Amino acid sequence: MIRLLQKNGWVLGLVALMVLLFVMTKVIQPNFGASGIGALSRAALPFAFATAGMAIVVIVGGIDLSVASMMAVAGVASAALMHALGNEGSLLVILAVLALGLAMGAINGALIVVTKVPDIVVTLAMLFVWEGVALLILSAPGGSAAPALRAIITGPVSVPFLPEAITAFIPKSLVVLVVCLAVVWVPLSHSKLGLWIYAVGSDPLAAFRSGVPIGLTRIVAYALCGLFAALGGLSLTLSTGIGEPIPGPYLMASVAAVVLGGVVLGGGVGGLLGPIIAVFILRILRMDLTLLSVDPNVSAIIEGTIMAVVVMFGGLVALRGRRA
Amino acid sequence: MTASVTQTPILRRVGNFLRDNPVIPLIVLLLVLVAVLQYLRPGIVNERWIANTIKFAIPLAMIAACQTLTMLTGGIDLSAGIVATVASFVMATQVPLVGVGPAIAYAMIAAVLVGLLNGVGVAFFRVHPLIMTLGSGLIATGCLQVYQRLVIASGSSVPEFLTWLGTGRWGVVPNAMIVFLPFAALILWAQSRTGFGRLLYAVGSNERAARLSGVRAWQVYLALYVLSALIAGVAGLLYIGMIRTASLSLANALMLPSVAAAVVGGTSIFGGRGGYGGTIVGALILTVLGTLLTLLQMPEGARRVLFGAIILAVTAIYVRLTDQG
Amino acid sequence: MTEAQADMPILDAVGISKSFGAVAALKDASLRVGRGEIVALMGANGAGKSTLVKILTGVLRRDGGEIRINGQARSVRNPRRARAAGLVPVYQEPSLIPDLDVRANLRLGDTPVEPFMARVKELGIEGLRLDDMIGALPLATLRILDLARALASEPDVLMLDEMTAALPADLVERVLKVVRAEAKAGRSVIYISHRFNEIAQICDRATVLRDGHTVGDLRIEPGVEDRIVELMLGQSLGEGLRVEPRAVARDGTPRVRVRGLRAGTKLGDVSFDLHRGEVLGVVALEGQGQDELFDVLAGFRKPDAGGFDLDGTPARFGHPADAIAAGLTYVPGDRSEGLLMARSVRENIALPLLARPRNWGAIRMKDEATRVKAAIEKLQIDTRAQGEVRKLSGGNQQKVTIGRWVATGVDTLLLFDPTRGIDVRTKRQIYGLVRELSDQGAAVLFYTSELDEVLQACDRAVVIFNGRVVDEIDTQTADHQLLLRAAYGLTEKDRLEAAS
């Protein structure tokens, strides 16, 4: 009960921090408004998907170092497909990317289960493999994004009966993010499978003795991570309009967001809401530094320091919790 | 892989033998790779090639020492490659300003600062080393870029003796061995015959048990991450002697291969098991593998796929052979 | 229960074998359980009890042999199948997920909630809520919840592995009562325990394992204990069960004087003296503050109030290293807590010698080898299984954790339930060692969850109840009943008053 409160307290604290940062942004840049929120949300999209995927494997007690590489594979694959198919193939592209993501993640998970090699090592090896696959698909940035699909994540939503003054502040990309996460996570967290994921992450031996199929649960968790990574890759291609085979800085960012979001490395604790809010906090921070026209290099230092401090603080909180 | 299925006594004996001597199968694998290379391109394996292979394996093996030592405690040092870069860059840019001696001192101070940051994070704040070192690597990169602005006018130079160390050879023996041989001997001795070495294994296999025996784990972690940064710094200086140009991402490419070298070399990423002997062979294997893939004119993508697959396969076989029963 | 045996056995395991690598854990083990029967499964550590249980419950797969349930051959390939076949285990370590609440844990195993809660109440746990996090509950409660969960799934055969270990005496009584009632109602129970008094109380038969073979199947009747021990050990017993009296000088400054110590919510106000050359027992039910007492003395936590003197000088520790430097060494009951399982016996024993930074340099290998060898010989550690400590039997592992301090030289030993789950022979050896060390001048504080051990190992004992020392016991005159009464907080004075 106390821990439940603690967990929710963490998420509430994050929300408060996010609001504070929004206020700060408004102070720094008085004309920050709908378009700013739209840009922020679109930029956060790939980070948010990577973080969601990472959060699930961390909850199951693992880690996926190949998340950025899988995003690259999905990104170039979708860019190549869209280049070949154009607007007509939109649905096909989406389905293909989702299947690709599930397959990549399931391969990661299956390799971990079958070889019994620690997940850090397997996903480190798969980091190279998926990076290579991305380079095989496109050896240099290329392909293109279908305009029909790009439209899905650009601009604000239009909802009948709601005045534009409100809808202007709801970017489509945010809606896409929320819908995608909710469709997967809400049913999952209420199902037996969701329970299995937490059980395996918390205590694999006890879970096994309680009859939980450990291997299957792990594979499913990694497959979901692959799925979200693929969505992240697709959204990246859609927002830049080009497929980039070299993985972006999503590994470290997703791990930091997961930790900041209250998911304990080691498994069994946390959810998706905290990490997603953490993603936005880190993005707003970056935006504020840019708005303050801080040297990008200095802002990288500041960002890194903030991440490190946050993670250290998180470590301290976890330590206190263990002692009490 | 059939060992686990049939479980015959002979295979079991082989498995036990390999567990006690993990370096031997790795050396066999290394020789097999060299043989394949010689078969594909007869005559390639000559004095010069051997010297070059060893030469390029040395910085990798040194950075992999950081991974091995930290992995023994259940950690990892993902900042090692960046620390090597920082040390080499600081040294090369300071030489024109303050001379060789102080430049090297500054370089090592910079390295130790990152190591201290890692050590403090891991020892006192109990941050997972993977996260801590990734983060400190990011910070160090940022600092390096800002630093570059400050020294952009003064240019850089690499001291003569470093290029001599990095590029020269004496028969099949590259000059860098002058540094590496004592270094490797020291690590190999220290890991089993010194109190600090034993404590790395102890803290890695059961930190609470170590605490219960009177070990103050924070002392071990702090010393370890500073040591790791020092090793990375020295490796960076050696590496810039080899490459001869300062750059902002000099040794970063050695980062993941260094983890791979330690892992292939049989050090458990969960701590408590392994050693530097395997890592040295692992670094050689990865270097030869790199040559082999270049020789096969594989596209970059396929090379990486194969690289990853081999790491995984070697580790999987290793796990099968050693973790039965 | 004679009629029950006449029926077809509900569980009949014949000729079960299982090897781990080169080591044969089970060679020819058989176990037959009739309906409504409580069968004790006994054997020294390493005899194969745990392996047999794991095979019967689907955690491990057998290499050979047959398992018949209700006369039908069944494969119990995984825990799920075993459950479906009606075999439900309660393991030594609770199989509940620490990060989930009670309700989610029940959902995980499809356990019905109402019967579960009824069982929990019946077993004497009050105030449990379905949204309590498992990780926040004490160990004893978890074991009871595990049992309640097993019972709620209405098993045909219930397997209890050291069910009463680490349980306070009041809960033990409850558990035994419930188990007996279940058997009366027709459920069968396989009961694994080292505690003869419990087995005598509830079991109908005992099946004895030794070295992977079933060596005996005995009806429980008065006097059967000696026969069982003989079968378990493969030799006859014939030793006394009480510690030899000896003179301990208790005048002069005590080695450790605990003064009004208070820590956490459980340790209220504890004072006692521990002298050199004596083994002082601590008698306490689960959770009376003894954990906190040992934590403070071992340097794992600081006291909230009060303190302790060492040889007359006040002391205060911030880290176990401080305690060790002051000569106080702690041996935990949970061996996995104290050992480097994947490292060698030598490294484990030599560990304290290297702890301080000034010993981080070169190791004097010869000196170390001598010390380690001396410790191994003194404790008769069976090091035939070369290499990793995890391959040793539980008893030998515990000897290693003690041997570590023998190698450094023992001054004051804090033993926290050091014989938990260890076979009789090794227990005796440990008692002998403890006495030998105290003969040489060591002071020993000895907590045990098994009350009879106090009589077998300690010179005297203090009783801690509800966080306070309530009584002191002379182990020469005390008996089991007196200990039990004392542990419940009924002091000698009460007894005399009750008698008069």
Side-chain angles (χ1 to χ4, degrees), chain B residues 3-4 7-17 19-20 72-74 186 189-224 227 267-268 270-275 320-325, chain C residues 19-23 25 63 298-300 318-326 328-332 334-344 346-365 368 386-391 400-401 404-405 407-408 414 416:
Chain B
S4 66
Q7 309 238 332
T8 61
I10 295 169
L11 282 169
R12 168 145 317 282
R13 274 213 297 277
V14 171
N16 285 341
F17 176 74
R19 171 169 46 211
D20 297 337
L72 287 181
T73 67
L186 184 72
W189 172 74
Q191 73 183 12
S192 59
R193 296 292 182 95
T194 66
F196 183 68
R198 287 270 191 84
L199 290 190
L200 295 183
Y201 289 93
V203 168
S205 34
N206 187 347
E207 193 188 312
R208 187 171 164 88
R211 257 159 52 93
L212 216 131
S213 300
V215 179
R216 296 178 197 266
W218 65 264
Q219 295 173 334
V220 178
Y221 288 128
L222 196 61
L224 170 66
L227 176 70
T267 298
S268 162
F270 287 153
R273 275 202 225 177
R320 279 289 158 102
L321 284 177
T322 56
D323 272 5
Q324 288 175 347
Chain C
S19 297
F20 299 102
V23 185
D63 296 340
F300 278 108
H319 187 277
D322 298 334
I324 292 164
L328 266 63
T329 49
Y330 169 67
V331 174
D334 181 359
R335 292 176 289 281
S336 65
E337 192 185 317
L339 288 173
L340 317 173
M341 285 295 180
R343 305 306 301 175
S344 66
R346 177 176 176 152
E347 283 185 41
N348 269 282
I349 291 181
L351 184 56
L353 302 171
L354 311 169
R356 286 194 245 172
R358 73 169 118 103
N359 298 327
W360 282 7
I363 298 170
R364 275 172 295 175
M365 298 300 275
E368 183 189 278
Q386 280 296 323
E388 302 167 4
V389 163
R390 63 173 173 168
K391 288 181 187 147
V400 173
T401 54
R404 185 180 277 175
W405 305 113
T408 51
L414 309 169
F416 191 88

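Numbered from 1 within each chain, the chains take letters A, B, ... in sequence-line order. Only a predicted model underlies this, so the values are computations on that prediction, with no experimental measurement involved.
Heavy atoms of Ile324(C) lying under 4.5 Å from chain B belong exclusively to its side chain. For a residue to count as touching a neighbouring chain, one of its non-hydrogen atoms must lie under 4.5 Å from one of that chain's; by this rule Ala323(C) does not touch chain B. Of the atoms belonging to Ala298(C), not a single heavy atom falls under 4.5 Å from chain B. Within the 4.5 angstrom heavy-atom criterion, only backbone atoms of Ser336(C) (N, CA, C, O) approach chain B.
Taken from CG in Leu353(C) to OG in Ser213(B), the straight-line distance is 9.5 Å, to the nearest 0.5 Å. Here the CZ-CZ distance, from Phe300(C) to Arg208(B), works out to 4.0 Å after rounding to the nearest 0.5 Å. For the atom pair Leu340(C) CG and Glu207(B) CD, the distance stands at 11.5 Å (nearest 0.5 Å). If you take CG on Asn348(C) and CZ on Arg198(B), they are separated by 10.0 Å, rounding to the nearest 0.5 Å.
Residues Gln219(B) and Arg356(C) have side chains not in contact (no heavy-atom distance under 4.5 Å, counting atoms from C-beta outward).
The heavy-atom pair separating Leu199(B) from Trp360(C) by the smallest distance is CD1-NE1, 3.1 Å. The shortest heavy-atom contact between Asn206(B) and Glu337(C) is ND2-O, 3.6 Å.
The choice from Asp322(C), Ile363(C), Leu354(C) that makes the most heavy-atom pairs within less than 4.5 Å of chain B is Ile363(C).
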